[in-house]
J.: 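Below is the structure I would like to discuss, written out as structure tokens.
Letters A, B, ... are given to chains in the order of the sequence lines, protein chains preceding strands, and every chain is numbered from 1.
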Amino acid sequence: MYRYLQRRLAGAVREFLRRNYSLELETVVIEQPPKVELGEYALPLAFDLAKKLRRAPRKIADEVVAGLGPVEGFEKFEVAGAGYINARVDRAAVAVALASDEKPKHDVPDGKILVEHSSINPNKAAHIGHLRNAILGDTFVRLLEYAGREVDVQNYIDNTGVQVADVVVGFTHIEKTSGAEIEQLSRQPRFDYYCWDLYARVSQWYEQDKQNLQVRAQTLHAIEDAAGETAAIADLISVAVLRRHLETMDRLEIEYDFLPRESEILHLHFWDAAFAKLKEAGVLLFETQGKNKGCWVMRRAGTSKSEIAEGAEAGAESAEKDEISEDDQKVIVRSNGTVGYVGKDIAYHMWKFGLLGRDFGYRNFYRYPNGHDCWISATEGEKNHPHFGDVAEIYNVIDARQSEAQNTVIEALRGLGHGEAAEHYTHFSYEMVALTPRCAAELGYTLSEEDKARSYIEVSGRRGFGVKADDLIDALITSAKKEVDSRHPQLGDSERRTIATQIAIGALRYFMLKYTKQSVIAFDFKEALSFEGETGPYAQYAVVRATSIFRKAGIDPEPFCKDVAGNLSSAFAQHLTGEAANEIWGLWLTAAKTSYIVDQSIATTEPAYLAKHAFQLAQFFNTFYHRHPILSEPDETRKQFLLSTVAVVRRELIRTLAVMGITVPPVM
RNA sequence: GGGCGCGUAGCUCAAACGGAUAGAGCACCGGAUUUCUAAUCCGGUGGUUGCAGGUUCGAUUCCUGCCGCGCCUACCA
């Protein structure tokens with residue numbers, strides 16, 4: 001609703017400027033006044049125009065206000081401060097439209113969107129860093145779906161890399177486990193925990209004797225031969241750990257549609273197809289000298305053609321074209337002919353956009369308890385399968401450390417002449433989750449003096465140093481369960497457990513979403529386990545309160561607000577106008593913003609805005625709840641009005657939380 | 001060295017496109033409702049937005065320089 005009116009206002013202003021000043025403005029900046037009593041929208045437009053028109057901002061603002069004419073949905077326009085134009089909406093009309101849940105039509109762009117997230121190495125348990133990735137990614141998927149887009153969710157599995165090889169080495173060379181024994185172990189409930197410890201031991205084993213690293217190289221090589229025994233062991237391990245990851249993420253209601261694996265990119269020769277095109281387009285160059293002699297290299301993203309070219313004339317340019325200074329080279333194909341991961345990533349991304357001319361085989365891999373199927377890549381797939389890839393836009397949820405690699409893939413696409421694809425390729429970059437020194441100490445790690453002084457310490461899978469995802473979820477559930485047990489002893493144990501789980505997930509997902517992406521999260525149990533203040537449970541609790549009002553009143557809140565909107569529009573007008581109504585109107589206005597916030601979150605790839613919105617709604621509601629007794633309100637129409645306020649806020653808060661993947665228990 | 005990012009209250013973080021008095025949560029201190037359950041609410045303490053310049057009617061936001069911190073910069077993935 002808020003978004004819709006804002007667009008209409010922007011359109012009217014643009015039209016006015018065209019008519020009266022012959023000005024074309026691309027974007028009309030519209031913000032919100034610091035207080036609701038000043039209006040719903042503010043335009044700082046006159047300050048900008050003052051320069052262009054060489055007149056005082058206030059004068060221009062006066063002119064705009066006088067000449068804008070009536071705009072549907074708006075009551076009036078006023079000049080305020082040094083030249084702001086504040087717009088006031090017809091509150092009752094907005095409230096009626098919101099209560100009856102009118103959804104003004106707007107265009108949804110065509111084409112499918114592919115979101116890639118999680119992409120955890122399938123060699124050990126998922127940790128809190130992976131949780132941030134998956135929660136950001138899953139929330140972004142939900143945002144896109146809320147906006148009406150069709151989305152495929154992919155989780156890329158690097159099942160032939162060093163990390164899997166290391167665990168294979170652990171089993172075959174340190175533990176000397178047989179294939180049958182590994183198979184047995186892999187059926188244990190938390191096989192990924194076993195691998196977590198083993199992986200750390202392998203790293204130590206390499207450190208003990210650098211000779212041991214040769215075993216890694218051999219193993220890595222052996223994994224690539226699909227027919228061999230080592231490859232079979234690697235597959236056994238990676239598939240078992242992958243299943244564990246799917247289970248862990250499913251606890252948070254995070255699901256995937258397709259799991260493309262590196263093994264298939266290898267065995268279906270995706271790279272060969274990509275390599276040919278890259279050579280042909282001149283994106284890759286064969287280096288004949290220097291440290292990268294014998295490699296196929298590409299210009300690293302973010303590096304520019306050397307400064308000599310700037311000053312020099314056209315003659316120097318052609319020589320420049322075929323050369324990249326050594327420091328700016330990214331090796332794509334090694335001198336021994338093997339391709340690095342960036343190369344495979346380029347091929348994979350050509351596939352995503354339908355530009356490779358090859359496809360995966362597909363096998364049904366995992367059925368979620370809700371019946372949703374998750375598919376996996378295969379060299380020989382099933383006949384009937386959904387169509388993946390060939391999409392219009394992609395988002396890759398990958399941490400900031402990989403931004404250079406991501407940009408290199410984008411540059412490769414551009415170099416191949418697929419500028420359109422490059423434009424629709426978004427690296428959804430976010431910062432890592434680290435541990436506070438206190439948290440690290442709690443986990444039993446001895447810290448150097450240097451470490452103690454840091455604000456955070458990076459986790460290390462190699463050292464087995466970190467907080468496992470399932471452990472954190474377990475701790476959250478235990479902690480929430482204790483609270484629920486003491487608050488609701490009359491409920492059955494399984495019911496209390498269900499509630500505690502909802503609260504735990506709410507706390508965890510909110511925690512991971514409330515920080516902006518570029519902020520490193522310094523993880524601390526105390527803050528992550530908090531259920532008070534700016535947390536998921538705070539927002540859930542607001543909904544519980546709203547629900548309980550309706551339960552006591554014996555009214556179903558869903559149909560209630562739609563009905564009341566039609567019958568009570570005059571009451572809305574009466575209770576929403578005037579000074580005294582500003583506080584409640586602020587609540588309505590915030591509730592009206594959900595779609596606007598969703599759009600903003602998508603446009604900026606920043607789910608934190610959504611978290612902020614949920615918190616703000618809950619906070620305003622709690623204040624309102626405290627100030628206005630509703631069921632005891634003697635004036636019947638006012639009571640209906642207050643009830644509809646609760647119903648609308650409840651509905652919008654539930655929606656907002658749902659986009660964040662948070663559900664609300666019946667009681668708390 | 002080069003690239004990317006960060007520096008805001010005691011702590012953890014907000015403030016999209018430059019805008020009206022820089023806001024929350026935690027912590028600390030003091031209060032509130034025999035009610036629609038207090039996982040709540042209200043009040044208080046707390047700021048030279050790293051430093052120095054510049055652009056602008058207006059800078060936490062843009063530009064330059066400096067200081068401090070993190071990540072990336074492998075024929076690893």
J.: Tell whether A/Ser335 reaches the base of B/C75 with its side chain through a donor-acceptor pair below 3.5 angstrom.
T.: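 For A/Ser335, whose side chain was compared with the base of B/C75, there is a donor-acceptor pair (under 3.5 Å).
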J.: Hey, does A/His427 reach any base, or is it just sugar-phosphate, or nothing, if we go heavy atoms under 4.0 Å?
T.: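 It contacts nothing in the nucleic acid.
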J.: Expressed in whole Å, how much space separates the C1' atoms belonging to B/A52 and B/A59?
T.: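 To the nearest whole Å, 15 Å.
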J.: Just call it for A/Val544: base, sugar-phosphate, or nothing, with non-hydrogen atoms closer than 4.0 Å on any strand.
T.: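 Contact class for A/Val544: none.
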J.: Of A/Ser455 and A/Arg334, whose closest RNA chain B nucleotide lies nearer the 5' terminus?
T.: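 Per heavy-atom nearest nucleotide, the more 5' residue is A/Ser455.
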J.: Taking atom C1' in both B/G10 and B/C57, what distance in whole Å separates the two?
T.: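 Per the computed distance, 37 Å lies between those C1' atoms.
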J.: Looking for any heavy atom pair under 4.0 Å, which part of the strands does A/Tyr515 touch: base, sugar-phosphate only, or nothing?
T.: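 Answer is sugar-phosphate: A/Tyr515 comes under 4.0 Å of backbone atoms only.
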J.: Describe the nucleic acid contact of A/Arg551 in one word from base, sugar-phosphate, nothing, applying a heavy-atom distance below 4.0 Å.
T.: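 The answer is nothing, as A/Arg551 stays clear of every strand by at least 4.0 Å.
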J.: Using a heavy-atom cut-off of under 4.0 Å over every strand shown, decide if A/Val331 touches base, sugar-phosphate, or nothing.
T.: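 Sugar-phosphate, backbone atoms only, no base.
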J.: Quick one: the side chain of A/Asn123 and the base of B/A77, do they pair up donor-acceptor inside 3.5 Å?
T.: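 Not at all, since no donor on one side and acceptor on the other fall under 3.5 Å apart.
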J.: Which value, in whole Å, describes the distance between the C1' atoms of nucleotides B/U64 and B/A24?
T.: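 Each nucleotide's C1' atom is 33 Å from the other's.
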J.: Report the distance from atom CZ of A/Phe428 to atom P of B/C4, rounded to the nearest whole Å.
T.: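 Interatomic distance, CZ of A/Phe428 to P of B/C4: 21 Å.
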J.: Taking only the side-chain nitrogens and oxygens of A/Tyr541, find out if one of them lies under 4.0 Å from OP1 or OP2 of B/A39.
T.: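 Yes, such a contact exists.
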J.: Which is it for A/Ile597 and A/Gln600 under the side-chain contact (heavy atoms from CB on, under 4.5 Å) test, yes or no, and what are the steps along the way?
T.: CA-CA 5 Å; A/Ile597 299 288; A/Gln600 198 179 24; 4.0 Å; yes
J.: Which part of the nucleic acid, if any, lies within reach of A/Lys293 when heavy atoms closer than 4.0 Å are counted: base, sugar-phosphate only, or nothing?
T.: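 Base contact.
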J.: Could you tell me whether the side chains of A/Gln640 and A/Glu636 share a donor-acceptor contact shorter than 3.5 Å?
T.: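 Checked: A/Gln640/A/Glu636 side chains pair up, N/O donor to acceptor below 3.5 Å.
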J.: Which residue is it: A/Tyr510, A/Phe511, A/Phe615, A/Phe531? I am looking for the one with a ring-ring contact (aromatic ring centres under 6.0 Å, His included) to A/Tyr538.
T.: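 Exactly one option meets the ring-ring contact (aromatic ring centres under 6.0 Å, His included) with A/Tyr538, and it is A/Phe615.
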J.: Students often get this wrong, so: under 4.0 angstrom with heavy atoms, is A/Phe47 touching a base, only sugar-phosphate, or nothing?
T.: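 The answer is base, as A/Phe47 lies within the cut-off (heavy atoms under 4.0 Å) of a base atom.
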J.: Could you list by number each residue of residues 594-609 of chain A showing a heavy-atom separation from RNA chain B of less than 4.0 Å, or answer none if no residue does?
T.: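 Nucleic-acid contacts, sorted: A/Tyr596, A/Gln600, A/Tyr609.
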J.: Enter the distance from A/Leu610:CG to A/Lys514:NZ here, rounded to the nearest 0.5 Å.
T.: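 Answer for the CG-NZ pair, A/Leu610 versus A/Lys514, is 15.0 Å.
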J.: Scan A/Glu262 against the nucleic acid and name what it touches under 4.0 Å (heavy atoms): base, sugar-phosphate only, or nothing.
T.: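 Sugar-phosphate, backbone atoms only, no base.
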J.: Report which part of the nucleic acid A/Lys344 touches: base, sugar-phosphate, or nothing (heavy-atom distance under 4.0 Å, all strands).
T.: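 No contact.
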J.: Dump the intermediate steps for salt bridge (charged side-chain N to carboxylate O under 4.0 Å, His left out) on A/Glu458 and A/Arg401, then the final yes or no.
T.: CA-CA 13 Å; A/Glu458 201 173 341; A/Arg401 287 173 288 198; 2.5 Å; yes
J.: Please classify the nucleic acid contact of A/Asn407 as base, sugar-phosphate, or nothing, using heavy-atom distances under 4.0 Å.
T.: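 Contact class for A/Asn407: none.
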J.: B/C41 and B/A27: how far apart are their P atoms, nearest whole angstrom?
T.: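 Per the computed distance, 13 Å lies between those P atoms.
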J.: Pick the closest RNA chain B nucleotide for A/Asp399 and for A/Ser403 by heavy atoms, then say which residue is nearer the 5' end.
T.: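 In this pair, the answer is A/Ser403.
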J.: Given the rule in the side chain to side chain donor-acceptor pair (under 3.5 Å) test, do A/Asp166 and A/Tyr206 qualify, once you have shown the distances and angles that lead to the verdict?
T.: CA-CA 10 Å; A/Asp166 284 344; A/Tyr206 291 146; 2.7 Å; yes
J.: Looking for any heavy atom pair under 4.0 Å, which part of the strands does A/Lys291 touch: base, sugar-phosphate only, or nothing?
T.: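 Base contact.
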J.: Reckon A/Ala42 touches a base, only the sugar-phosphate, or nothing at all at heavy-atom distances under 4.0 Å?
T.: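 Base contact - A/Ala42 has a heavy atom under 4.0 Å of at least one base atom.
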J.: Hey, is the side chain of A/Thr623 poking within less than 4.0 Å of OP1 or OP2 on B/C42, counting only N and O atoms?
T.: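 A/Thr623 to B/C42 OP1/OP2: side-chain N or O found under 4.0 Å.
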J.: Keeping A/Glu326 on the side-chain end and A/Asn292 on the backbone end, is there a donor-acceptor pair under 3.5 Å?
T.: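 No; zero donor-acceptor contacts below 3.5 Å.
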J.: May I ask you to say what A/Val164 touches in the nucleic acid, namely base, sugar-phosphate or nothing, with a heavy-atom cut-off under 4.0 Å?
T.: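 It contacts nothing in the nucleic acid.
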J.: Are A/Tyr2 and A/Tyr41 an aromatic pair, judged by ring center distance below 6.0 Å?
T.: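 Under 6.0 Å, so yes.
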J.: Using the P atom in both, what is the distance from B/G68 to B/G50, to the nearest Å?
T.: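 It comes out at 16 Å once rounded to the nearest Å.
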